[in-house]
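First up is the structure itself, then whatever we jot down about it.
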There are 2 protein chains.
Amino acid sequence: MDKPEAEPEAEGPAASPAPYRLDDQVGHLLRRANQRHLAIYGRAIPELTPMQFATLAKLHEAGALSQNALGRLTAMDAATVKGVVDRLRKSAHVQTENDKTDRRRTIVSLTPEGRALVESLFARAHEISRETLSPLDATEQAMFLHLLRKMI
Amino acid sequence: MDKPEAEPEAEGPAASPAPYRLDDQVGHLLRRANQRHLAIYGRAIPELTPMQFATLAKLHEAGALSQNALGRLTAMDAATVKGVVDRLRKSAHVQTENDKTDRRRTIVSLTPEGRALVESLFARAHEISRETLSPLDATEQAMFLHLLRKMI
DNA sequence: TCCCGTTTGTTCGCATACAAACGGATTTTG
DNA sequence: CAAAATCCGTTTGTATGCGAACAAACGGGA
């Protein structure tokens, strides 16, 4: 029963390889879901880029952080963090100082303006998450978030 | 019973607004899931960028396409398509020609080298999708893809 | 036929992303 | 303690990704 032939069902040895359809691939779907989310974000909060907002939100949540720690907590590359922090510093939303105990570190913290701005945006930010998930009902939303977390 | 106080459960009138935790937001989770996928991709197919592969795969699937059509089918901005096509043309994986009937259009098609390359990568590409979904069991994978599609 | 709105492709500018390489600082280890 | 391994931040280079502004070309209706 192990003849390498005539096994039309299941995964026969010479089964035609499933065709590769871009629209069926997780990666493509993830990318498009992300694109849709970013479009919703851009409409709701045009004054800050997504990563600039994420940075302010994380600093508000966790307090002053080194650039590296900030990168880990926001899932940003060190090189990317630098650019974001540079621009936020230029717009006076964050400030940086040298760490007294570790001279390699640069500590980033919110300025009063940055704190005021991010606090004023939390309501809109919640709305963004709500709208992004809006095609799903409550049960599906919970399931989706659960599966997303499990996949990371 | 409508005193604006002492209502720890439910959503009281002055309910403390749900704190904004970055790690709880769909956008952040989508971004991280995408990052993880891109890391898996990069390990499996280092010779082409994700969008270069997506472009070749779509051309293989749909045949020659105008740049705009290619952009719509791969969910790429027109400006982004140009850069990707330029690089693929430089590496001789695609070629372009002028449309006879519509002089605005640029038709993009696979070269023999591009076709051979993309066909040789389909197996690895399938493996990438499999690995990306591997933290989920079969039922969860189906559910996840279903919810992702519903959200787009 | 001529005008107008749309489509297509291009260019510019800005903001992620990440790999790789580097110098300086700190920590681990032998 | 000194060497080795790590960590932190920076810089460079390449590749998306998108908004905005344009020019050329198309299509339909007045």
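Proteins get letters first, then strands, A, B, ... in listed order; numbering begins at 1 in each.
Using modelled atom types, one finds no donor on one side chain facing an acceptor on the other under 3.5 Å when comparing A:Thr111 with A:Gln95. Between the side chains of B:Asn68 and B:Ser66, no donor-acceptor pair is found at a separation under 3.5 Å. A donor and an acceptor atom, one from each side chain of A:His93 and A:Glu113, are nowhere located under 3.5 Å apart. Under 3.5 Å, the side chains of B:Arg36 and B:Thr132 contain no donor-acceptor pair of N or O atoms.
A sub-4.0 Å separation between OP1 or OP2 of D:dT14 and a side-chain N or O of B:Thr49 is absent. Taking side-chain N and O atoms only, B:Gln67 has no distance below 4.0 Å to OP1 or OP2 of C:dT7. In this model, the phosphate group of C:dT8 is not approached by any side-chain N or O of B:Ser66 to a distance below 4.0 Å at OP1 or OP2.
Near DNA chain C, meaning a heavy atom under 4.0 Å away, the residues from residues 79-97 of chain A are A:Ala79, A:Thr80, A:Val84, A:Arg87.
Nucleotide D:dC26 holds its P atom 14 Å from the CG atom of B:Asn68, rounded to whole Å. The separation between B:Arg31 atom CZ and C:dC18 atom P is 7 Å, rounded to whole Å. Counting to the nearest Å, the C1' atom of D:dT16 and the CE atom of A:Met51 are 15 Å from each other. When the C1' atom of D:dC18 is taken as reference, atom OH of A:Tyr41 falls 15 Å away, rounded to whole Å. One interatomic measurement links the two molecules: CG of A:Asp77 to P of D:dT10, which rounds to 13 Å at whole-angstrom precision. The separation between B:Leu38 atom CG and C:dT16 atom C1' is 13 Å, rounded to whole Å. Atom CG in B:Asn98 sits roughly 15 Å away from atom P in C:dT8 (whole-Å rounding). Following rounding to the nearest Å, A:Ile107 (CD1) and D:dC7 (C1') show an atom-to-atom distance of 14 Å.
For the pair A:Thr74/B:Leu22, a side-chain contact is recorded, criterion being any heavy-atom separation below 4.5 Å from C-beta on. B:Leu145 is listed as a side-chain neighbour of B:Leu133, based on a closest heavy-atom distance under 4.5 Å.
Checking B:Gln35 against B:Arg72, the closest nucleotide of DNA chain C that is more toward the 5' end is the one next to B:Arg72.
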* Asked: Going 5' to 3' along nucleotides 21-27 of chain C, which nucleotides have protein heavy atoms under 4.0 Å from the base (write B), which only from the sugar-phosphate (write S), and which from neither (write -)?
  -> ---BBS-
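Electrostatic pairing of A:Asp24 and B:Arg149 counts as a salt bridge here, judged by a charged N lying under 4.0 Å from a carboxylate O.
Listed here is the closest heavy atom pair of B:Arg124 and B:Ala44: NH1-O, 3.0 Å.
Here A:Tyr20 and B:His60 keep their ring centres 6.0 angstrom or further from each other.
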